[in-house]
Structure formats: structure tokens, C-alpha cells
Amino acid sequence: MAAAFCLAVIAYDAIGGRSIKILGAGSAILFAALGGYITLVDSSWTVSQVKLTVDAGMLAIALASMAIRLPFTLQYAREMVDAETEKLPGFRR
């Protein structure tokens, strides 16, 4: 269900002419993989195990986006400002 919601948000953004976000795509992959694993391999996971896995996955998405020097928050910030503001030296900080 969560993966479907993420995909719906991605579709809504794409239809609206906005870019596909790292956070949205990563979340869709994370939730689809987790749901598939729990459904097909091991359905005995507790709520705590699922929460920990989701938290670890979100942390991995955030750290990976910073490692490639494109923090996922930057994508949202760029959509909120004009082109001149984005070019300012302090914008990324």
C-alpha cells in the first residue's frame, strides 16, 4: 500500500511537470522491496522490525543522496525559488 502511494505521488508530480524526487523513488523501491519480502519470504516480522527497516532505509536514502552531492532536500528547495536565487552561492548551504 505504501509503495502504491509513493508511486501515485510520483505520477502526480510528473503530470504536474515536476521532477521525480530521489526521496519518492527511493521510498517506492524501499516499500515495494519490504512488502515483497514480507509477503513472499518471511511474514512473521513484528511491527518493530518493519519500523526499524523503514527507518534504516530512509536513512540510507538520505545518506546516499548526500554522498552523490545531491541532497534530496535540494530538489524540493529548487522548486520553491526562482532561478536567480538558486544561483546564489549560499543557496546550497
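- The two atoms that bring F31 and A3 nearest to each other are CB-N, 3.7 Å, heavy atoms only.
- Minimum interatomic distance between F91 and T85 (heavy atoms only, all atoms of both residues): CB-O, 3.6 Å.
- To the nearest 0.5 Å, atom CD of residue Q75 and atom NZ of residue K21 are 6.5 Å apart.
- The backbone N or O of G36 sits nowhere less than 3.5 Å from a side-chain atom of T39 that would complete a donor-acceptor pair.
- Hydrophobic clustering (ILVMFWY, side-chain heavy atoms < 4.5 Å, transitive): V9 and L7 are in distinct clusters.
- Counting non-hydrogen atoms of other residues, nucleotides and ligands closer than 6.0 Å to CD1 of I20 gives a total of 12 or fewer.
- I22 is listed as a side-chain neighbour of I61, based on a closest heavy-atom distance under 4.5 Å.
- Between A28 and I10, the shortest heavy-atom distance links the atoms CB-CD1, 4.4 Å.
- When the side chains of ILVMFWY residues are joined at heavy-atom separations under 4.5 Å, either directly or via intervening members, L34 and M58 end up in a single hydrophobic cluster.
- Heavy-atom neighbours of Y76 OH from other residues, nucleotides or ligands within 6.0 Å: above the threshold of 12.
- Two different hydrophobic clusters hold Y37 and I29 under the rule that ILVMFWY side chains link at heavy-atom gaps under 4.5 Å.
- Atom OH of Y12 has 12 or fewer neighbouring heavy atoms from other residues, nucleotides or ligands inside a 6.0 Å radius.
- The minimum heavy-atom distance between R92 and R69, with the atom names listed, is NH2-O, 3.0 Å.
- Pairing each heavy atom of Q49 with each of S44, the nearest pair is OE1-O, 4.1 Å.
- Linking Ile, Leu, Val, Met, Phe, Trp and Tyr whenever their side-chain heavy atoms come within less than 4.5 Å puts V54 and V41 in one cluster.
- For L30 against T53, the heavy-atom pair with the smallest separation is CD1-O, 4.3 Å.
- Both V81 and L74 are members of a single hydrophobic cluster when ILVMFWY side chains are connected at heavy-atom separations under 4.5 Å.
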